[in-house]
Amino acid sequence: MSWELHNQLPAKGAKVVVAMSGGVDSSVAAGWLSKNGYQVIGISLQLHDMAEKIDNEFGTCCSLSDLNDARRVAEVLDIPFYVNNMETAFNEAVIDDFVQEYLNGRTPNPCVRCNEKVKFKKLMDWALDLGADFLATGHYATIQWNKNLNRHELHKGGDDGKDQSYFLFTMAQDDLAKTLFPVGAFEKSVVRSLAQEYGLRVANKPDSQEICFVQGKSYKDFIEEKVPAEVLRPGNFVNSEGKVLGQHAGLHHYTVGQRKGIQLNSLEPLYVLALNASKNEIIVGPESALFRKSAVVKNVSWINSLDLAKPINALAKIRYRSKESPVQITSLGDHTVEVKFEVPQRAITPGQAMVFYEGTRTLGGGWIDSLSVHS
């Protein structure tokens with residue numbers, strides 16, 4: 001698949017800062033640009049203390065050895081390379097939000113927050129300060145110019161199994177105009193082949209599978225290290241009618257759809273249906289009760305302006321690995337919408353991102369705020 005057919009190319013010679021994580025995707029992004037006539041500067045971000053604590057092996061992200069991998073790739077490509085310490089910004093925008101969301105009985109998505117608050121804000125500012133024309137990353141997504149509507153559009157990547165447009169729904173027109181996704185239209189196998197061709201040792205490096213700052217431990221353990229023990233108090237398991245069934249160990253142990261860890265006597269398996277932080281209660285019930293047809297989504301951002309005077313139809317994903325499903329979107333005002341699914345969805349989870357599509361085009365998205373246990 002031709003990259004040129006799916007992304008608007010800048011003029012040869014443009015200066016591009018590439019965010020290099022040490023993985024194969026961002027490494028090939030830097031290599032492709034360098035080999036095709038662009039002035040490339042590599043930048044890695046030191047985001048958290050874990051970079052100094054983990055003896056990282058392939059399969060993780062943003063650790064000290066990842067930074068070293070990125071540095072070695074830059075040496076092979078003969079491009080300038082810098083490391084920017086963004087630990088403070090990352091802590092404030094991503095880690096603090098992650099912890100607070102769990103304490104509020106919600107299940108956060110830190111990767112979206114990182115893209116929104118750190119990579120495509122702080123890093124873009126730094127790239128422009130360096131005199132760069134563009135910022136490039138290794139995301140599997142494409143940016144297309146719609147000449148009829150005179151606007152940039154975010155589309156899915158060329159590899160359906162690796163598409164990362166879900167994580168990028170907060171990008172605005174100004175971001176898209178200055179961003180490049182050099183591997184966005186490639187299949188993963190092509191990216192690995194190019195890494196071999198460029199002589200990069202990360203060619204066979206596995207994709208990262210974990211959230212970078214909780215590597216080597218559970219979410220529960222990470223949160224317990226961050227907040228006082230008295231905040232993580234036990235509470236009650238209740239059914240949908242409010243009847244107390246037993247006691248839970250703390251809201252941060254659970255998320256919607258979870259079955260493990262619910263040690264209650266019941267004739268049928270029980271699942272977490274909802275978490276009520278104000279009452280410190282966890283509502284449980286049968287798996288059938290997990291399926292919902294509607295949700296309220298807040299802090300919605302649209303990549304391109306849409307007319308929401310009347311309900312619109314689209315496709316929606318309720319989490320990264322879920323399948324898209326037809327929905328009707330109705331504006332409730334103040335960047336809030338109600339989303340109604342044609343087919344009930346399992347475990348719609350407050351705190352997660354819901355992202356909207358029209359074909360391959362990413363319309364935008366927001367954060368799932370609430371749903372009714374009885375909806």
Side-chain angles (χ1 to χ4, degrees), residues 5-10 93 109 111-125 127-128 133-137 139-158 163-181 184-185 294-320 322 324-342 348 350-370:
L5 293 177
H6 291 78
N7 289 276
Q8 183 183 19
L9 278 170
N109 191 314
C111 295
V112 175
R113 292 296 189 197
C114 184
N115 282 320
E116 175 188 13
K117 302 293 187 181
V118 180
K119 291 180 180 176
F120 290 103
K121 181 173 174 57
K122 303 291 186 181
L123 187 51
M124 178 68 80
D125 291 342
L128 297 178
D133 303 298
F134 297 92
L135 170 68
T137 73
H139 284 97
Y140 285 87
T142 58
I143 299 169
Q144 299 182 25
W145 175 251
N146 188 323
K147 63 181 180 180
N148 294 324
L149 298 176
N150 196 36
R151 68 188 184 189
H152 296 277
E153 296 179 344
L154 176 67
H155 285 254
K156 293 181 180 180
D163 170 58
Q164 294 173 308
S165 59
Y166 174 90
F167 298 108
L168 303 172
F169 73 85
T170 60
M171 295 187 74
Q173 283 293 300
D174 287 347
D175 300 320
L176 295 174
K178 298 181 177 68
T179 301
L180 302 176
F181 298 132
S294 65
V296 173
V297 180
K298 290 190 173 182
N299 298 317
V300 177
S301 59
W302 301 106
I303 295 173
N304 305 119
S305 59
L306 296 174
D307 182 3
L308 294 177
K310 296 181 179 179
I312 65 170
N313 296 320
L315 299 172
K317 295 179 70 168
I318 62 171
R319 61 182 61 87
Y320 174 48
S322 69
E324 297 157 30
S325 186
V327 296
Q328 183 180 78
I329 303 170
T330 302
S331 174
L332 300 179
D334 194 27
H335 303 286
T336 301
V337 298
E338 181 182 36
V339 181
K340 294 183 178 179
F341 288 85
E342 287 186 9
I348 300 175
Q352 287 286 291
M354 186 183 295
V355 182
F356 307 113
Y357 292 88
E358 180 186 67
T360 65
R361 180 164 72 102
T362 309
L363 300 176
W367 301 95
I368 300 169
D369 183 70
S370 61

**Test log, rule side chain to side chain contact (heavy atoms under 4.5 Å, CB included), inputs Lys317 and Phe169** = CA-CA 12 Å; Lys317 295 179 70 168; Phe169 73 85; over 6 Å; no
**Student check: side-chain heavy atoms of Gln173 and Arg151 closer than 4.5 Å** = yes
**Prompt:** Between the side chain of Asp175 and the main-chain N/O of Ala172, is any donor-acceptor distance below 3.5 Å?
**Reply:** yes
**Prompt:** Would a distance-only check, ignoring hydrogens and angles, find a side-chain to backbone donor-acceptor pair under 3.5 Å from Thr362 to Gly364?
**Reply:** no
**Message:** Tell me whether Asn109 contacts the main-chain N or O of Gly351 through its side chain, where contact means a donor paired with an acceptor under 3.5 Å.
**Reply:** no
**Message:** Just so I know, are the side chains of Leu168 and Leu154 near enough to count as touching, which here means a heavy-atom distance under 4.5 Å?
**Reply:** yes
**Asked** What is the distance from atom CZ of Arg361 to atom CD of Glu153, rounded to the nearest 0.5 Å?
**Response** 5.0 Å
**Complete:** Distance col, row Thr137:OG1 vs Gln164:CD, nearest 0.5 angstrom, shows 8.0 Å
**Asked** Which heavy atom in Glu116 sits nearest to a heavy atom in Thr170, and how many Å separate them?
**Response** CB-OG1, 3.4 Å
**Item:** Side-chain touch Ile329/Phe356, heavy atoms, less than 4.5 angstrom
**Value:** yes
**Asked** Which atom pair, heavy atoms only, marks the closest approach of Thr179 to Phe120?
**Response** CG2-CE2, 3.7 Å
**Asked** Yes or no on side chain to side chain contact (heavy atoms under 4.5 Å, CB included) for Gln144 and His152, after CA distance, side-chain angles and deciding distance?
**Response** CA-CA 6 Å; Gln144 299 182 25; His152 296 277; over 6 Å; no
**Request:** Keeping the roles fixed (side chain from Tyr357, backbone from Ser325), state whether a donor-acceptor pair exists under 3.5 Å.
**Result:** no
**Message:** Which heavy atom of Ile368 sits nearest to which heavy atom of Ile318, and what is that distance?
**Reply:** CD1-O, 4.0 Å
**Message:** Tell me whether the rings of His139 and Phe181 are parallel (<30°), tilted (30 to 60°) or perpendicular (>60°).
**Reply:** perpendicular
**Asked** Asp163 and Gly157: which non-hydrogen atoms are nearest, and at how many Å?
**Response** OD1-N, 2.8 Å
**Asked** Is it true that the side chains of Ser165 and Tyr140 contain a donor and an acceptor less than 3.5 Å apart?
**Response** no
**Message:** Any non-hydrogen side-chain atom of Pro326 less than 4.5 Å from a side-chain atom of Phe341?
**Reply:** no
**Message:** Measuring only between side-chain heavy atoms, which start at C-beta, is Leu135 closer than 4.5 Å to Leu123?
**Reply:** yes
**Message:** Does His155 form a side-chain hydrogen bond (donor to acceptor under 3.5 Å, both in side chains) with Thr360? I'd like the steps, not just the answer.
**Reply:** CA-CA 5 Å; His155 285 254; Thr360 65; 2.7 Å; yes
**Prompt:** When rounded to the nearest 0.5 angstrom, what distance separates CD1 in Ile303 from CD1 in Ile143?
**Reply:** 9.5 Å
**Check: Thr336 side chain, Leu332 main-chain N or O, donor-acceptor pair, under 3.5 Å** = no
**Prompt:** Out of curiosity, Trp302 CH2 to Leu363 CG, how far, rounded to the nearest 0.5 Å?
**Reply:** 6.5 Å
**Minimum-distance pair of heavy atoms, taken over all atoms of Lys117 and Lys122** = O-CG, 3.6 Å
**Asked** What do the steps show when you test Arg319 against Ile348 for side chain to side chain contact (heavy atoms under 4.5 Å, CB included), and what is the final call?
**Response** CA-CA 8 Å; Arg319 61 182 61 87; Ile348 300 175; 6.0 Å; no
**Asked** When you measure from the side chain of Glu338 to the backbone N and O of Ser294, does any donor-acceptor pair fall under 3.5 Å?
**Response** no
**Item:** Under 3.5 Å: donor-acceptor pair, side chain of Asn150, backbone of Asn146
**Value:** no
**Gap separating the CD atom of Glu324 from the CD atom of Glu358, nearest 0.5 angstrom** = 11.5 Å
**Complete:** Correct closest heavy-atom pair for Arg113 and Ala93 would be CB-O, 4.2 Å
**Request:** Using a 4.5 Å cut-off on heavy atoms from C-beta on, say whether the side chain of His335 contacts that of Lys298.
**Result:** no
**Message:** With heavy-atom distances below 4.5 Å as the criterion, would you say the side chains of Thr142 and Lys156 are in contact?
**Reply:** no
**Contact check, side chains of Tyr320 and Gln352, non-hydrogen atoms, under 4.5 Å** = no
